[in-house]
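Heavy atoms only: backbone and side chains are in, while hydrogens, waters and symmetry mates are out.
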Protein chains: 2
Amino acid sequence: MPATDLPRRGIPDATVARLPAYLRVLGIMAEAGVRSTSSLELAQAVGVHPAKVRKDLSHLGSHGVRGVGYDVAHLTVEISRELGLTRDWPVVIVGLGNLGRALAGHAGLSSRGFSVAGLFDADPAVIGQSVSGLTISPMSAIADLPRAADTVGVIATPAAAAQVVADQLVAAGITSILNCAPAAIVVPAPVDVRRVDIASELQILAFHKQRRTAAPALAVAP
Amino acid sequence: MPATDLPRRGIPDATVARLPAYLRVLGIMAEAGVRSTSSLELAQAVGVHPAKVRKDLSHLGSHGVRGVGYDVAHLTVEISRELGLTRDWPVVIVGLGNLGRALAGHAGLSSRGFSVAGLFDADPAVIGQSVSGLTISPMSAIADLPRAADTVGVIATPAAAAQVVADQLVAAGITSILNCAPAAIVVPAPVDVRRVDIASELQILAFHKQRRTAAPALAVAP
DNA sequence: AGGACTTTGTGCAGTCCTTCACAAGCGCGT
DNA sequence: ACGCGCTTGTGAAGGACTGCACAAAGTCCT
């Protein structure tokens, strides 16, 4: 209807959301010396339907071999390229409580295309401390961040500070934010935000659990 | 996606996934003394379309008042009931590295319908330590967990341990698992698993960022 | 009291995603 | 060389979700 044929020349969001999972499984396979795999094997490892795997991967082009499967190393490269992980992206972490420290020390980040480029906190008591080889800077220093346009900002502060921090990140020129604080943040249009919220996930689990126990034998009678 | 093969006589998954966000915003409003709100206000606060808010809330029954909006307190109760948060669910945390400690100390859990009921770790060096008023138990003690069927298990271990821990949780009778480890886990059918994975979220952000910078002026060209 | 204004609840059309089912393609054994 | 079995890639059907547009229903002002 907006006939502007921006032909969605891209990969569906749902597929993009699954690519990291495939990548992870492929990494484990490669470590174990597995050379080749199939859509069925990948599907079971990730917990999705095999046809979904095939359709997802077909969006990257035809990299499988019929009758054989997918080459682990090749597929890893293809997915990495599609996700933009052929280069390293700098990440800054704001808020160095337990969560922030867990992230800063997270070996999985550097092995997955990211490098921690800065640590920031507003608390004078922690500024200057060293975490995983980096020194914690005062929050005000975020304004001088180099390569801000390339950098991903991670908010690991208490909920009350999340919006203020988000504003500062945006002001510094950051356009991609991962919000790990249990709060909703509002940002101007071009900025991309994703949320990681453990309490929400627990609540969703609670919903399913309650439903299961509340309606024990629904399948039997109409 | 949740193993529920019931006739879906319920609320759409997409709606359930948004209810925690509404609940959070309502809590902030209540604290600020706001008595009443509207679908538009809620929509802006959580970043979705107002019609979506109305349709979501209509799944819980008609609790709004036309021309006026929604009563904050009443709506809070309704959503809480739907999510099964009128009671407290026990949570056990496995793995007390930085991430596990962040969770154990997370004030947001107890205020959102959960109570930390146990801490477990396999490392003898941390067993016996006290975190947020609870003593860390050895992983083997998970087998004696009371009320396991009601309990939500949170995996906050390194990736390598995730599958083993998951097996132990299932063996102990836990049927809801939140996996915060950067690994995929496989569990038997009736167990419900959700994942929280920061590296994956960062990779998705990287994808969008790369796409934005790779195709700078698509709107202009033919 | 009545009309104007506001905001909800919802039928509907469109879009996106999933799943099925099967042809196409590849390697292997005979 | 040739068919057989295996696995991919994909058209099409079906389902789920979104966003629109509007009627229904309540409040407030005059």
Side-chain angles (χ1 to χ4, degrees), chain A residues 1-19 21-22 26 29 34-72 74-75 78-79 82 204 207-208, chain B residues 1-19 21-22 26 29 34-72 74-75 78-79 82 204 207-208:
Chain A
M1 133 199 348
T4 334
D5 65 339
L6 279 183
R8 288 241 20 90
R9 181 202 53 113
I11 300 180
D13 283 343
T15 292
V16 173
R18 282 186 295 266
L19 291 181
Y22 300 145
L26 289 169
M29 287 178 173
V34 177
R35 288 298 191 85
S36 171
T37 185
S38 68
S39 62
L40 181 62
E41 206 174 11
L42 275 171
Q44 288 170 341
V46 175
V48 301
H49 195 286
K52 211 187 282 189
V53 174
R54 291 201 295 276
K55 189 148 281 190
D56 284 345
L57 298 182
S58 76
H59 282 115
L60 318 184
S62 265
H63 299 293
V65 180
R66 299 178 191 224
V68 177
Y70 299 92
D71 181 81
V72 170
H74 181 227
L75 195 54
E78 287 305 319
I79 297 180
E82 193 59 45
I204 296 169
F207 171 83
H208 292 305
Chain B
M1 190 57 99
T4 326
D5 41 343
L6 298 180
R8 295 256 13 97
R9 180 205 51 122
I11 301 180
D13 283 343
T15 293
V16 173
R18 282 185 295 267
L19 291 181
Y22 301 144
L26 288 169
M29 286 179 174
V34 178
R35 288 299 191 86
S36 171
T37 184
S38 68
S39 62
L40 180 62
E41 206 174 11
L42 276 170
Q44 289 169 340
V46 306
V48 301
H49 194 284
K52 211 187 283 191
V53 174
R54 291 201 295 276
K55 190 152 285 190
D56 283 346
L57 297 182
S58 76
H59 281 115
L60 319 183
S62 264
H63 299 293
V65 179
R66 298 176 191 224
V68 178
Y70 300 91
D71 181 81
V72 170
H74 181 227
L75 195 54
E78 288 304 320
I79 297 180
E82 194 58 46
I204 296 169
F207 171 83
H208 292 305

Flag, side chain of H74(B) to backbone of Y70(B), donor-acceptor distance under 3.5 Å: no
Using the closest heavy atom to pick a nucleotide of DNA chain D for each, name whichever of G67(A) or A51(A) lands nearer the 5' end. G67(A)
Distance check, rounded to the nearest 0.5 Å: L42(B) atom CG versus Y22(B) atom OH? 7.5 Å
The side chain of R66(B) lies closest to which of these nucleotides: dC17(D), dT7(C), dT10(C)? dT7(C)
Less than 4.0 angstrom between a side-chain N/O of S39(B) and OP1 or OP2 of dT8(C), yes or no? yes
Are T15(B) and D56(B) linked by a side-chain donor-acceptor pair shorter than 3.5 Å? yes
Minimum heavy-atom separation for S39(A) to R54(A), with atom names? OG-NH1, 3.2 Å
Tell me: CG of D13(B) to P of dT18(D), nearest whole Å? 11 Å
Value rounded to 0.5 Å, distance of CZ in R18(A) from CG in D13(A): 10.5 Å
Which whole-number value in Å describes the distance from R54(B) CZ to dA21(D) P? 12 Å
Could you tell me whether H63(B) contacts a base, only the sugar-phosphate backbone, or nothing, with contacts defined as non-hydrogen atoms closer than 4.0 Å? sugar-phosphate
To the nearest Å, give me how far apart CD (Q44(A)) and P (dT7(D)) are. 12 Å
K55(A) NZ to dC17(C) P, in whole Å, measures 12 Å
Does a nitrogen or oxygen in the side chain of Y70(B) sit under 4.0 Å from OP1 or OP2 of dG26(D)? no
Whole angstrom value for the distance that separates P of dT8(C) from NE2 of H59(B): 16 Å
Atom NE2 of H49(B) and atom C1' of dC17(D): how far apart are they, to the nearest Å? 13 Å
Most 5' of V65(B) and V65(A) on DNA chain C, judged by nearest nucleotide: V65(B)
Would you please confirm or rule out a distance under 4.0 Å between OP1 or OP2 of dT7(D) and any side-chain N or O of S38(A)? no
Any K52(A) side-chain N or O less than 4.0 Å from OP1/OP2 of dT19(C): yes
What is the distance, to the nearest angstrom, from the CZ atom on R18(A) to the P atom on dT18(C)? 4 Å
Grab the CG-C1' distance between L75(B) and dT7(C) for me, whole Å please. 14 Å
